[in-house]
2 protein chains.
Amino acid sequence: MLPAVDTLETRELRYFVAVAEELHFGRAAERLGMAQPPLSRAIQQLERRLGVCLLQRDRRGVRLTGAGEVLLHEGRAALDATAAAVRRTRRAGGDDSPGGPRGRLVLAVKAAASHELLRKLLDAYAAEPDSAEIEVLLCGMCEQEELLRDGRADVALMHAPWNSLAGFDSEALTTEGQVAVLPAGHPLAARETLSLADVRDVPDLPLARWPTHGTYAPGPGPEIHNQTQLAQLIALGRTVAVVPDSARSWLWTEHAAVPLTDAPPVVTHLAWPAHSRSLTLAGLVRTAARL
Amino acid sequence: MLPAVDTLETRELRYFVAVAEELHFGRAAERLGMAQPPLSRAIQQLERRLGVCLLQRDRRGVRLTGAGEVLLHEGRAALDATAAAVRRTRRAGGDDSPGGPRGRLVLAVKAAASHELLRKLLDAYAAEPDSAEIEVLLCGMCEQEELLRDGRADVALMHAPWNSLAGFDSEALTTEGQVAVLPAGHPLAARETLSLADVRDVPDLPLARWPTHGTYAPGPGPEIHNQTQLAQLIALGRTVAVVPDSARSWLWTEHAAVPLTDAPPVVTHLAWPAHSRSLTLAGLVRTAARL
DNA sequence: CGCGGTGATACCTGCCGGGTATGACAGGGC
DNA sequence: GCCCTGTCATACCCGGCAGGTATCACCGCG
């Protein structure tokens, strides 16, 4: 009778997450850079130690059980937390000042975000008496949450309602309306204002779709990967998009922006991990709150 | 040249957290049930692999560097997340239903909380068509956050502003005022209402103090560990306390409750880990939102 | 009935996590 | 000054286990 262990090594979590994502021991083993048999054994040991069946192996394939789904989610979170611990510790580097570390901050911002607010924030913070260096990490549309969770970033600019603030502390910075961006020559471009219903049902201009957390909502419109592509598609008269007011700064002369009366307002937040105790971060938040 | 690893085993985190908490290799090793030399070696390996100095060893003792403090905080979070993964997976047990697990929920409530709201919530949920079993876990004044983080609980009743909702999703349930609880015979007990200033400065009745996250604020009043002790001290005329309105249900005839005009309102929330995807939890939240 | 592809089993080996014994060094009595 | 005590680091050894290779058992399919 071996002692029943109630802990779980990072390695075992990595193995299980790989198998649960691939649903295939061979491919998972390859991804992990190891042979398949030890991986099979490791997962069996894991199941025995947890006393729980995680995978349903039957002919031709592997499926997750309910417990397996739970462990996949919770395990990813635990792996993220571990990776964050490593990254943030490394970033704190040779800092040996007591009473809370000071040091460089990594700020995650979507590349397409308004640079005006960012510039204002960075300038104001740089003017503070003992400000630290801030590294700006440009990312895609919905990556900020992941970057904060796994420690690649310390703080992020997020845009409600697209980004979820769940699990983070945050400070609201600005609120703005949204506009419809149309080809300049389109009949609707002449209107003073529009409603969401107006732009949703234009027969010749399907509404552009961008990914939320990696997946696209179904619809007739084109799938948008970056801002340049969107601008081009609008200019070509192939789509219409709903974007925040501040996006006007990147519009072309071939574009027209019409305010939307009933679109939900976009709130830009400064967000950071809920448990953070960095003094440097606190300074940045204080600056942001005064904007 | 060994391959630079950028991961970190749970075991190493446990070791470091133990040393960082004890600030003493010998005691930490004892706590971990191992000898001191391998622990020393493990920490050295950890420092080498991270490329960061975590501990300042000089004559007579060990201190944390800035990076060490970061790793202590982040490491605790990672260990909690790992423990949560184990507990929640075990709890999901033999559940093999696809599309999200169903199963028993653990609800954390402080023992001193009002039972009326809890009863209403549990009754309403039990009346739902496909409700699951709910295990109520009674805890101390500020433990709910920890219970949610390390997976011993799935959902909790929290009371703002005493509990911090940072890092959790939540749904506000009720708001109530606060009252001052005095010995029945005290002159102030005859008043219709009181202000915080009134009860803070009573010379013969120092304000009771209870712990926030394990530590007591400084002050002249007695340190409170549980509700019975508090009731006794008030009845004896040794202290006065500020408590939510609903606490009237446990008052004695020797007590008098006087409403406070300027005390912050107490909001009871249902709170759960931000990333939770349990269908059972969703059902409970839905029920709570309808209350 | 072979054949490809799956995960499980058997068995071996080398590494490393952990143990004991001991060293280096700083303080603190007397 | 001395030794004694308490601290962490070093040296060395050993056993278990993580990982590899070879192979099996099973299923579906042409």
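Each chain gets a letter, A, B and so on, in the order the sequences are listed, and its residues count up from 1.
- The salt bridge (charged side-chain N to carboxylate O under 4.0 Å, His left out) search around A/Glu12 returns A/Arg49, not counting sequence neighbours.
- OP1 or OP2 of C/dA8 sits under 4.0 Å from a side-chain N or O of A/Arg57.
- Candidate nucleotides C/dG7, C/dG17, D/dT21 were compared by shortest atom distance to the side chain of A/Val62, and C/dG7 ranks first.
- Listed candidates were C/dG18, D/dC8, D/dT21. Nearest to the side chain of A/Ala35 is D/dT21.
- Under the salt bridge (Lys or Arg N to Asp or Glu O under 4.0 Å) criterion, the residue pairs touching residues 35-48 of chain A are A/Glu47-A/Arg57, with sequence neighbours excluded.
- Remark: B/Glu128 pairs with B/Arg290 by the side chain to side chain donor-acceptor pair (under 3.5 Å) rule, at least two apart or across chains.
- In this view, A/Arg209 satisfies the side chain to side chain donor-acceptor pair (under 3.5 Å) rule with no residue, not counting sequence neighbours.
- No hydrogens or angles considered: a donor-acceptor pair under 3.5 Å links the side chains of A/Ser40 and A/Gln36.
- For the pair A/Ser40 and C/dA8, the criterion of a side-chain N or O lying under 4.0 Å from OP1 or OP2 is met.
- Which of D/dG19, D/dC8, C/dG18 sits closest to the side chain of B/Arg11 comes down to C/dG18.
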For residues 78-87 of chain A, please give each side-chain donor-acceptor pair under 3.5 Å, one per line with the distance, not counting sequence neighbours.
from	atom 1	to	atom 2	distance (Å)
A/Thr82	OG1	A/Ala78	O	2.9
A/Arg87	NH1	A/Asp150	O	2.6

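- Note: CD1 (B/Ile43) to C1' (D/dC8) measures 12 Å, nearest angstrom.
- Distances shorter than 4.0 Å separate some side-chain N or O of B/Gln44 from OP1 or OP2 on D/dT10.
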Check nucleotides 21-25 of chain C for protein N or O atoms closer than 3.5 Å to its own N or O atoms and list the pairs.
none

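- Of the side-chain N and O atoms in B/His24, one or more sit less than 4.0 angstrom from OP1 or OP2 of D/dC8.
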